[in-house]
Structure formats: structure tokens, C-alpha cells
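First the structure, in the form of C-alpha cells, and then the observations on it.
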Amino acid sequence: MKRTKMTFLLSEICLLIMLLLCMHLIFSDEKPQKRVAVIVEKSGDEKWDSFINGLKQAAEIRNIHLIICNTDEIEDAQEEKSLICEQLDNQVDAFIVQAAPGKDTGGMLREIRSQKPVLLVANDVLKEQENGNRPQYQELPVVMPDNYSMGYALGEDLRSRNDIRGKKIGIVSGFEETECSREREEGVLEALSDSGCEILFHIYTTYDMAVTEKLRQERTVDYLIVLETGALEQVAGMYAQESGDRPGIYGIGNSIRCVYYLDEAVVEGLVAADGYDMGYQSVLEISGALGNQLYAMKNRETDYRLLHKEDIFREEVQQFLHTYD
């Protein structure tokens, strides 16, 4: 009887030792999460919902801890540097950053890049002209759609759906000192270059500007081209509440609200970036750099879609719009 009890006790001890060994092996294989700070202007705006969904999905797969910084407007390089320095004090391992407006942003981000990996999203740094050419900064990789192509697609859509010869057009852009605005404008103007239309005005937004009030001060146009999400929401919202004639509105926008105005036929053509893919690809690149010091992050070009009211309920478009939720 005693031998049976002793055998049972030894078996229990062996099982306990094996369990402890298994637990040790499991937890010893777990690597501590790397911390990545995400800094984009007005991070709580719904235009970032799809992007953040993509970030989170990839971060879960790559065992990355995201710190999505709570931000308002980021007007220049100095404001952005302050936000970055706060996270450096928090011992983050890398940064995913939307470049702030202004020519000083590139130098500031390259300085930070000497300390931690930095990946740009949505907007490249503003490139100054040098002998007629823009320099390329390979040490600042960027994940974003082709903004020139987005602008061109919007301008081409306007002229393909309408006879715009002799028509008057107004352009509402984003911030003047950003590469994103510059490239979208160039694309639109190239698409309309031989169409016979007349560009009556070009408005650049600022953080303290009421776009609709500025627009009311301008001359009447037949069509409006709006190249930034917040501006498009404001402009479409204004005309949605007005009866009578209104200009045809074509825009670039990354929010469900923009899609709503498309469905309501206030917006006639919408170019929407694939924010989910931008977020997902961003984490893949930054995790590559964190896992291997010799890894050179690459530029990645993400997709976009040209949408019209009749497209919204197509299955593939619904799948695309689902990432905005």
C-alpha cells in the first residue's frame, strides 16, 4: 500500500515538473513587444478609421504594441517634433508619422531617424526644388497612394463624364506646404490641361479656415474639385443643405461621410484611398526594421478607388468600405 502511494506521489511530482518545463519553454519563446508610436494630425478624425484598422490587424500578427498618439492639428515641424520627443521619453522603439506641412519637416525627421526607425504615411516630406528637380530622400521611406495619380484620375473622371469646354472650375486643395497637395494638384491640372475649361480660383486650406465661408467669397463655378477629406466634407455638407443649382463636385476623401454625400448625389465622383492597406503595410515595414537592424525599409504604394453613386452597393466596393467602419 505504501509503495502504491509512493509511486503515485512520484508520478504527480514528475507531472508537475513536466508542466513547469512546458510553461517555461512557452514563455521563454515569447519576445517582448516592440512599441511603435503613430503620429498623424487629428488622429481621432474618422478619415483615419480605415488606416487604424489596418495598423491594428498587422500589429496583432507582428506582435507590435501601437501607441496611437492623441493629436489635434500639427501645423509645422516644431509641433511634430514636440510630439515625437514626448514618445522618445516614453522609450518607444519606432515611429509611423504623417509629415507635417513645411520645408523644415524633412530635416527634422531625418534627425529623428538617426535615433529610431521612422516611416512616413499618407504624405511625403515637402521636397524643395534643386536645379528644377526634386531630391529624393531614400532614408525617409513612405507608405501612401500615388497622390499624382489620384488627382489625375479625378480630373480625368470629370472630363470623361461631362463636356467641360468653356466651363468654369474651382479647386479646393489641402495645405499648401505639403507634398500631398502639390502632387494631387499637378495630377488634376495635367488631366484638364487641354480640356478647354477655365480654372477660376484655387483655395488652399489652413487649420483655422472655414472653407465654406472662403468659398462663398469666390465667383460662381460650374464644377468644384476638392482634394482633401475635411474640405470635401465641409463643401458637400454646405451644398447638401442648399436648394437650387449647385456646382458638380468631384473630390478625394477617405471617410464614410464622403461616401454618404456620394450616395446622396451631392458628390458626383469620389477618389478614396485604401487606408486599411496603408496601415497594414506600414506595420509590416516598421516591424521588418525592428526585427533586423540591416533591414532597409522600402517605399510602398497603396491602392485607391474611383467611386460613383452606382458603384456603392457592388460587393467588392462594400468590402472595401467595410474597412472604414
Side-chain angles (χ1 to χ4, degrees), residues 42 45-51 53-54 122-123 144-162 164 167 169-174 180-181 183-192 195 197 202-203 205 211-212 215 221-242 246-279 301-325:
K42 298 177 74 172
D45 196 291
E46 71 170 33
K47 70 181 180 181
W48 295 112
D49 288 352
S50 179
F51 169 70
N53 287 340
N123 182 33
M144 66 178 184
D146 184 335
N147 284 298
Y148 175 89
S149 293
M150 290 173 72
Y152 191 92
L154 193 66
E156 187 65 25
D157 188 50
L158 168 61
R159 66 181 297 178
S160 68
R161 294 167 65 88
N162 307 276
I164 61 173
K167 300 296 185 180
I169 294 177
I171 298 176
V172 181
S173 192
C180 173
S181 293
E183 290 178 346
R184 291 179 182 183
E185 295 156 18
E186 288 180 355
V188 166
L189 294 175
E190 177 64 25
L192 301 179
S195 64
C197 68
H202 196 150
I203 297 172
T205 60
V211 176
T212 52
L215 197 57
V221 294
D222 300 295
Y223 297 98
L224 275 172
I225 295 176
V226 188
L227 302 177
E228 193 273 328
T229 301
L232 181 59
E233 291 175 349
Q234 288 189 54
V235 171
M238 177 183 74
Y239 283 110
Q241 297 175 13
E242 296 184 355
R246 63 187 179 211
I249 301 173
Y250 287 75
I252 296 175
N254 302 323
S255 70
I256 286 295
R257 198 177 309 175
C258 292
V259 177
Y260 166 79
Y261 289 126
L262 182 70
D263 189 35
E264 292 294 305
V266 179
V267 174
E268 297 182 13
L270 176 69
V271 172
D274 191 337
Y276 181 91
D277 188 44
M278 185 167 67
E301 188 175 293
T302 55
D303 203 2
Y304 62 87
R305 286 178 179 263
L306 174 62
L307 302 174
H308 303 103
K309 178 180 173 65
E310 60 268 24
D311 299 324
I312 292 176
F313 292 102
R314 287 165 40 202
E315 183 178 355
E316 64 270 25
V317 174
Q318 282 291 299
Q319 290 175 353
F320 171 73
L321 295 177
H322 181 68
T323 67
Y324 280 49
D325 295 336

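Hydrogens, waters and symmetry mates are skipped; everything else that's a heavy atom, side chains included, is used.
In this structure, the side chains of Asp222 and Asn162 stay at 4.5 Å or more apart for every pair of heavy atoms. Side-chain contact between Leu192 and Ile164 is present, with at least one heavy-atom pair separated by less than 4.5 Å. For the pair Leu215 and Leu224, the minimum side-chain heavy-atom distance is below 4.5 Å. Side-chain atoms of Ile249 and Leu232, non-hydrogen and from C-beta on, do get closer than 4.5 Å to each other.
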Would Leu189 and Ile171 count as a side chain to side chain contact (heavy atoms under 4.5 Å, CB included) if you check the C-alpha gap in whole Å, the side-chain angles of each, and the deciding distance to 0.1 Å?
-> CA-CA 10 Å; Leu189 294 175; Ile171 298 176; 3.9 Å; yes
Leu227 and Ile252: CA distance, side-chain angles, deciding distance, side chain to side chain contact (heavy atoms under 4.5 Å, CB included) verdict | CA-CA 5 Å; Leu227 302 177; Ile252 296 175; 4.0 Å; yes
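At a threshold of 4.0 Å, the pair Glu310-Arg161 counts as salt-bridged, since one of the basic side-chain nitrogens sits closer than that to a carboxylate oxygen.
Asn53 contributes a side-chain N or O that, together with a main-chain N or O of Thr323, makes up a donor-acceptor pair within less than 3.5 Å. Here the side chain of Asp45 pairs a donor or acceptor atom with the backbone of Lys47 at under 3.5 angstrom.
Within the structure, the ring pair (Phe, Tyr, Trp, His ring centres under 6.0 Å) test picks out the following pairs touching residues 304-323 (sequence neighbours left out): Phe320-Tyr324.
Nearest heavy atom pair, residue Ser173 against residue His202, reads CB-NE2, 3.6 Å. Shown here for Glu156 and Ala191, the closest heavy-atom pair between the two residues is N-CB, 3.6 Å. Annotation for Thr205 and Val211: closest pair CG2-CG2, 3.8 Å, computed over non-hydrogen atoms. When all heavy atoms are compared, the tightest approach of Ala273 to Asn254 is N-OD1, 2.8 Å. Residues Arg246 and Tyr239 share a closest heavy-atom pair of NH1-O, 3.4 Å.
Within a 6.0 Å sphere centred on CD of Glu315, heavy atoms belonging to other residues, nucleotides or ligands number 12 at most.
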Contacts table for residues 257-268: side-chain donor-acceptor under 3.5 angstrom, sequence neighbours left out:
unit_1	atom_1	unit_2	atom_2	d
Asp263	OD1	Lys309	NZ	3.4
Glu268	OE1	Tyr250	OH	3.2

Name every donor-acceptor pair, under 3.5 Å, that has one atom in a side chain of residues 147-155 and the other anywhere in the protein, sequence neighbours excluded.
unit_1	atom_1	unit_2	atom_2	d
Asn147	OD1	Arg184	NE	2.9
Asn147	OD1	Arg184	NH2	3.1
Ser149	OG	Asp146	OD2	2.9

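Shown are Leu270, Leu321, Leu307; of these, the side-chain contact (heavy atoms from CB on, under 4.5 Å) with Ile312 is made only by Leu321.
Of the inter-residue distances, the one linking Asp274 atom CG with Ser50 atom OG reads 6.0 Å to the nearest 0.5 angstrom. We find the CD1-SG distance between Ile225 and Cys197 to be 7.5 Å, quoted to the nearest 0.5 Å. Atoms CD and CE, on Glu183 and Met144 in that order, are 5.0 Å from each other to the nearest 0.5 Å.
Looking only at atom types and distance, the side chain of Ser255 has a donor-acceptor partner in the side chain of Glu233 under 3.5 Å away.
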